[in-house]
Number of protein chains: 2
Amino acid sequence: MDEFSFIDSIKPTYYRQPSLLKGIGDDAAVFRSSKDIVTAVDTFVEDVHFSRSTMEPYHIGYRALGANISDLAAMGASPSFYLVSIVIPKNWTQAELSQIYSGMDDLASKYHMDIIGGDTVSGKQLTISITVIGYTITNKARYRQHAKEGDIVFVTGTLGDSLAGFHILTSDNENNRYVDQDFYIHRHRKPEPRVAFAQALESLDRVSLNDVSDGIANEASEIAEASNVSIVLRENDIPVAPSFYQFTYEQQYQWKLSGGEDFELLGTVAKGDWAVVNEAAEKTNTQLTVIGSVVEEEKHPVYIEDNAMRKVLKKSGYTHLK
Amino acid sequence: MDEFSFIDSIKPTYYRQPSLLKGIGDDAAVFRSSKDIVTAVDTFVEDVHFSRSTMEPYHIGYRALGANISDLAAMGASPSFYLVSIVIPKNWTQAELSQIYSGMDDLASKYHMDIIGGDTVSGKQLTISITVIGYTITNKARYRQHAKEGDIVFVTGTLGDSLAGFHILTSDNENNRYVDQDFYIHRHRKPEPRVAFAQALESLDRVSLNDVSDGIANEASEIAEASNVSIVLRENDIPVAPSFYQFTYEQQYQWKLSGGEDFELLGTVAKGDWAVVNEAAEKTNTQLTVIGSVVEEEKHPVYIEDNAMRKVLKKSGYTHLK
């Protein structure tokens with residue numbers, strides 16, 4: 001199969017988004033909407049961001065698009081389109097490449113997203129670069145800078161699962177040493193971005209959101225810095241999976257605070273709006289946990305409390321006394 | 001410099017586009033417009049699409065963005081935003097990387113474009129993937145499928161210059177063997193997309209456009225196939241630079257028909273609209289040449305006439321008798 005027939009093979013036979021005027025097949029794609037348009041790009045390099053030893057090609061595609069959609073969820077946007085640029089080395093077969101696209105398409109179809117462009121080039125290292133485009137209603141994009149003193153800090157789902165899954169896949173243990181292996185591996189390979197939950201917050205005038213791609217220590221720090229506030233997290237309230245306690249204390253601590261790639265949402269909202277957030281979680285069947293509060297800007301952006309002790313939480317997840 | 005300080009160094013200190021609501025610094029960028037939105041992505045890999053032996057880092061950035069803007073020009077769109085994903089190997093210095101971004105920014109500033117996102121990752125081979133976003137007024141995107149029987153076929157500028165420049169840079173000749181070296185090298189390193197010309201056609205209801213990225217044999221074929229017509233080109237009318245005759249007949253023939261990367265515009269328009277096209281060329285100081293005509297769909301998409309002889313022109317530039 002040459003480049004053109006491969007492109008033909010990934011070209012959709014129909015499009016799902018009514019706002020699309022022109023998909024793949026011209027110099028560029030064209031769409032039209034009166035909504036606010038949200039866009040981001042993320043790039044994944046083989047043996048840097050993923051490896052064939054822990055992922056099937058299908059998962060590589062699924063997860064790459066999932067990470068991008070998670071950025072849209074963190075803006076409160078509904079995912080609409082994606083463009084895929086792929087650098088293909090000689091040791092990848094057409095069948096494997098098709099599986100990558102199949103993983104993307106399966107996730108895209110859940111959100112009625114269309115692939116509307118891309119580029120296919122050769123190179124030494126498999127590299128997937130995805131641009132996603134989504135919509136929010138006017139002025140409802142959710143910015144990091146929207147946190148305010150007195151806000152509740154919440155997070156969806158459980159944290160640290162993705163790195164736990166990666167650990168299970170890469171540690172040389174006997175089979176079935178770990179409980180809930182499939183759950184953790186699934187969380188690593190097929191993350192589900194929290195699109196429905198974020199969109200169910202649409203009625204709120206103000207909510208700050210970040211997706212947990214680099215660990216909540218980092219995400220909380222980004223919100224605090226952008227909003228000129230400080231955030232205090234309560235360590236014992238950070239939600240983890242029921243069987244997370246099978247890992248060492250150090251692993252748990254590191255994975256839940258700085259593990260990342262869980263693609264959960266960390267957010268802050270006014271106390272008076274908490275009922276709306278709670279309702280959104282119930283409506284979308286999303287686990288929701290209060291893990292801290294927003295305070296007046298202090299010396300450091302993020303602190304973590306362990307019972308009575310308050311420590312500084314660095315972006316990396318490292319802690320130290322004030 | 002770590003990743004974050006490098007990103008800080010390329011983050012703009014101000015934005016040029018009034019439709020931008022949020023640039024770099026959140027999970028995604030946000031913009032708003034009532035116009036039709038046009039988007040495309042193009043990827044460039046070191047030693048596949050460019051080489052440091054023929055380009056300074058500045059040119060690599062300039063040319064990569066230029067190729068992308070050319071896709072917008074071919075849609076009749078005004079360039080507005082771009083996102084840059086870059087894979088960085090260890091042997092590239094921060095200073096060289098900054099020059100790549102500086103090349104992009106210099107071209108972007110001509111069009112008041114803003115960089116609104118990106119990703120910076122490490123890998124084995126320098127790879128630049130650019131997503132561009134532009135606007136057209138409602139229903140004025142220029143599609144390949146808009147050619148009609150009886151249309152005039154035109155092209156801007158001169159063809160084959162970019163490959164001639166590449167030849168001058170890579171052939172082991174004594175210095176100054178070629179006339180107009182600087183012109184050809186400039187055309188190779190700093191292509192100027194035909195944005196102003198394409199936008200000056202805005203009053204036309206119908207014009208088909210393709211940018212010459214892969215040679216006019218290929219571009220004409222794409223228009224003919226998308227429009228269910230055939231195109232007849234006249235070989236002797238294909239415009240070349242005044243000193244193009246210094247190259248061998250074979251080089252000339254290959255470069256002007258299949259050389260590509262000149263980023264000129266190939267188009268077709270109704271005879272009755274020719275005056276508007278001509279005026280657009282004069283207004284924007286663009287060389288414009290009629291090189292053929294659109295005919296009813298025949299067996300092959302593109303033919304080329306050399307005096308009385310008509311041959312089939314394949315996408316590759318290869319010709320054969322009917």
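Both backbone and side-chain heavy atoms feed into the values below; hydrogens, waters and symmetry mates do not. Just so it is clear: chains get the letters A, B, ... in the order the sequence lines come, proteins before strands, and each one is counted from 1. As the structure is a computational prediction, the values presented were derived from the model and not from experiment.
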Heavy-atom pairs under 4.5 Å with chain A are the metric here; pick the option from Asn139(B), Val84(B), Asp47(B), Ile86(B) that has the most. Asn139(B)
For residues Asp27(B) and Ala40(A), report the shortest heavy-atom separation together with the two atoms involved. O-CB, 3.5 Å
What part of Ala29(A) is in contact with chain B, defined as an atom under 4.5 angstrom from a non-hydrogen atom: side chain, backbone, both or neither? both
Any non-hydrogen side-chain atom of Phe31(A) less than 4.5 Å from a side-chain atom of Thr39(B)? yes
Backbone of Thr43(A) reached by a side-chain donor or acceptor of Asp119(B) within 3.5 Å: yes
Heaviest contributor of heavy-atom pairs below 4.5 Å to chain A, chosen from Gly134(B), Ala73(B), Ser129(B), is Ser129(B)
Look only at the side chain of Asp26(B) and the backbone of Tyr143(A), and say whether a donor-acceptor pair between them is shorter than 3.5 Å. no
Below 4.5 Å, heavy atoms only, C-beta onward: do Arg32(A) and Ile37(B) meet side chain to side chain? no
If you count heavy-atom pairs within less than 4.5 Å of chain A, which of Leu72(B), Ile116(B), Thr138(B), Thr136(B) leads? Thr138(B)
With only heavy atoms counted, which part of Ser122(B) is less than 4.5 Å from chain A, the side chain, the backbone, both or neither? both
If you compare all heavy atoms of Val41(B) against all heavy atoms of Ser85(A), which two are closest, and at what distance to 0.1 Å? CG2-CB, 4.2 Å
To the nearest 0.5 Å, tell me how far Lys22(A) NZ sits from Met75(B) CE. 7.5 Å
If you measure from NZ on Lys124(B) to CD on Gln125(A), what distance do you get to the nearest 0.5 Å? 4.5 Å
Between Val45(B), Val38(B), Asp36(B), the one whose heavy-atom pairs under 4.5 Å with chain A are most numerous: Asp36(B)
Chain B contact via Thr127(A) - side chain, backbone, both or neither, heavy atoms under 4.5 Å: side chain
Sort Ser33(B) into side chain, backbone, both or neither according to what part of it lies under 4.5 angstrom from a heavy atom of chain A. backbone
Given Ser34(B), Gly118(B), Ala141(B), the one with more heavy-atom pairs under 4.5 angstrom with chain A than any other is Gly118(B)
